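First listed ligand is number 1; within each ligand, the first listed atom is number 1. Source: prediction; values computed, not measured.
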Amino acid sequence: MRQIQMVDLKSQYEKIQNEIDTAVLDVIRSTQYINGSEVKKFQEDLENYLGVKHVIPCGNGTDALQVAMMALDLKPGDEVITTSFTFVATVEVIALLGLTPVLVDVLPDTFNIDPESVRKAITPNTKAIVPVHLFGQCVDMEPLMELAKEHNLHIIEDNAQAIGADYIFEDGRRQKAGTMGIVGCTSFFPSKNLGCYGDGGAVFTNDDELAKKLRVIVNHGMEVRYYHDSVGVNSRLDSIQAAILRIKLQHLDEYAAARNKAASYYDMAFANHPRITTPVRSDFSTHVFHQYTLVIENLDQFALQKYMGEKEIPAMIYYPVPMHMQKAYQDPRYKEGDFPVTEKLSKTVISLPMHTELDDEQLKHITDSLLEYLK
Ligand SMILES: *Cc1c(COP(=O)(O)O)cnc(C)c1O
């Protein structure tokens, strides 16, 4: 059996090695390392794929969130509502910009932000909502978009984990994750569904004015060279990464299908187990399985992780500590017990290997081992 990886980037690369190697060498020989034609072409390819007017590439997913909030002119004191169950970057940039993060609980089935809790958290200072499409499945956007409209709030989608997923509206219309809010943010970190071979990220919007502002902000607040009209940052996608992403984007839907195939294998193996809850498939979203995450009742996650490790199976706990329990984000407004769903999930979730290269032999070893442990 091939060694099992949490994400098997090597086997994936080997299948497209010739194309990738040629594209990377072409960039090196072109010497257009920054803002080269590959970046522009990737931007256009991604705009077409997502059906969005503007893609603004940047340095990474965390920068994407930061520049989005800067472009929307959010100011210290403004409240930004987001989820307590996410990767730290979402909350980090809110804090970094001196904005006030307002955390809300998630739904137990999708792990995604609860629109009802968002409604209750809105105050006169609320300026934006940051839904995170966690683990590869869309937040239920329609109620959230109605709320945003009603209260005149910006929606900034954190789409680092769900690129390629479709949100399905009540009327059957479909839209790509990350293109429904005023702005969407993504990451091309190697292990993400559309990952490059280093750091990368992008911001999406259909708003022409905002796109213009975003392009200025990622480039030192500069529209005309050496004239700086606003304070910006330096956040770029480099040409080598763009060339790699152009190739991988062509495979993104096929990669999502491969992930879904592995997910179905897991689903079948764990169906009807009294202690295991397999990931829900919402009728309002497709799933691109950035992670395959189980909830297991009465579990010592770390003991299970150790046992799986002994069987040479990586398993991860995303995320063991809710945002309101993190040392850096302690806040007198929040205490243990405030977000019971998040808190329970943080103690009962475990993510299994999930990538495009899992074969049946590996999947059988993973599912057999886990079921054996729970006997
Ligand atoms: C990965 C991730 C980010 C940050 O992306 P980077 O490219 O690593 O900066 C932000 N939000 C979520 C939910 C993520 O998973």
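Taking any N or O of Phe188, backbone or side chain, none lies under 3.5 Å from an N or O belonging to ligand 1. Polar contact with ligand 1: absent for Asp199 (N/O pair, distance under 3.5 Å). Remark: ligand 1 and Gln161 share an N or O pair separated by less than 3.5 Å (distance only, no angle test). The distance criterion of under 3.5 Å between nitrogen or oxygen atoms is not met by Tyr319 with respect to ligand 1.
Contact atoms of ligand 1 toward Ala160: 2 (C), 3 (C), 10 (C), 11 (N), 12 (C), 14 (C), 15 (O) (distance under 4.0 Å to a heavy atom of the residue). Atoms of ligand 1 found under 4.0 Å from any heavy atom of Val132 (numbered from 1 in listed order, with element): 13 (C). With ligand atoms numbered from 1 in the order given, ligand 1 contributes 7 (O), 9 (O) to contacts under 4.0 Å with heavy atoms of Asn60.
Summarising the local packing, CD of Glu170 is surrounded by 12 or fewer heavy atoms from other residues, nucleotides or ligands at distances under 6.0 Å. No more than 12 heavy-atom neighbours from other residues, nucleotides or ligands sit within 6.0 angstrom of CD on Glu209. For Asp171, the CG atom sits in a packed shell: over 12 heavy atoms of surrounding residues, nucleotides or ligands are nearer than 6.0 Å.
Between Lys176 and Glu157 no salt bridge is recorded (no basic side-chain N to carboxylate O distance below 4.0 Å). No salt bridge links Asp338 with Arg333; every basic N to acidic carboxylate O contact stays at or beyond 4.0 Å.
Protein heavy atom nearest atom 14 (C) of ligand 1, with residue, atom name and distance: Lys192 NZ, 3.0 Å. The protein non-hydrogen atom at the shortest distance from atom 13 (C) of ligand 1 is Asp158 OD2, 3.4 Å. For atom 4 (C) of ligand 1, the closest non-hydrogen atom on the protein side is Thr62 OG1, 3.6 Å.
When Ala202, Pro190, Ser187 are checked for heavy-atom proximity to atom 7 (O) of ligand 1, Ser187 turns out nearest.
Take Thr82 and apply the side-chain hydrogen bond (donor to acceptor under 3.5 Å, both in side chains) test, not counting sequence neighbours, and it matches no residue.
For the residue pair Asp208/His54, the side-chain donor-acceptor check at 3.5 Å is satisfied.
Judged as a side chain to side chain donor-acceptor pair (under 3.5 Å), the pairs with a partner in residues 229-244 (not counting sequence neighbours) are, in order, Asp63-Ser235, Asn234-Arg236.
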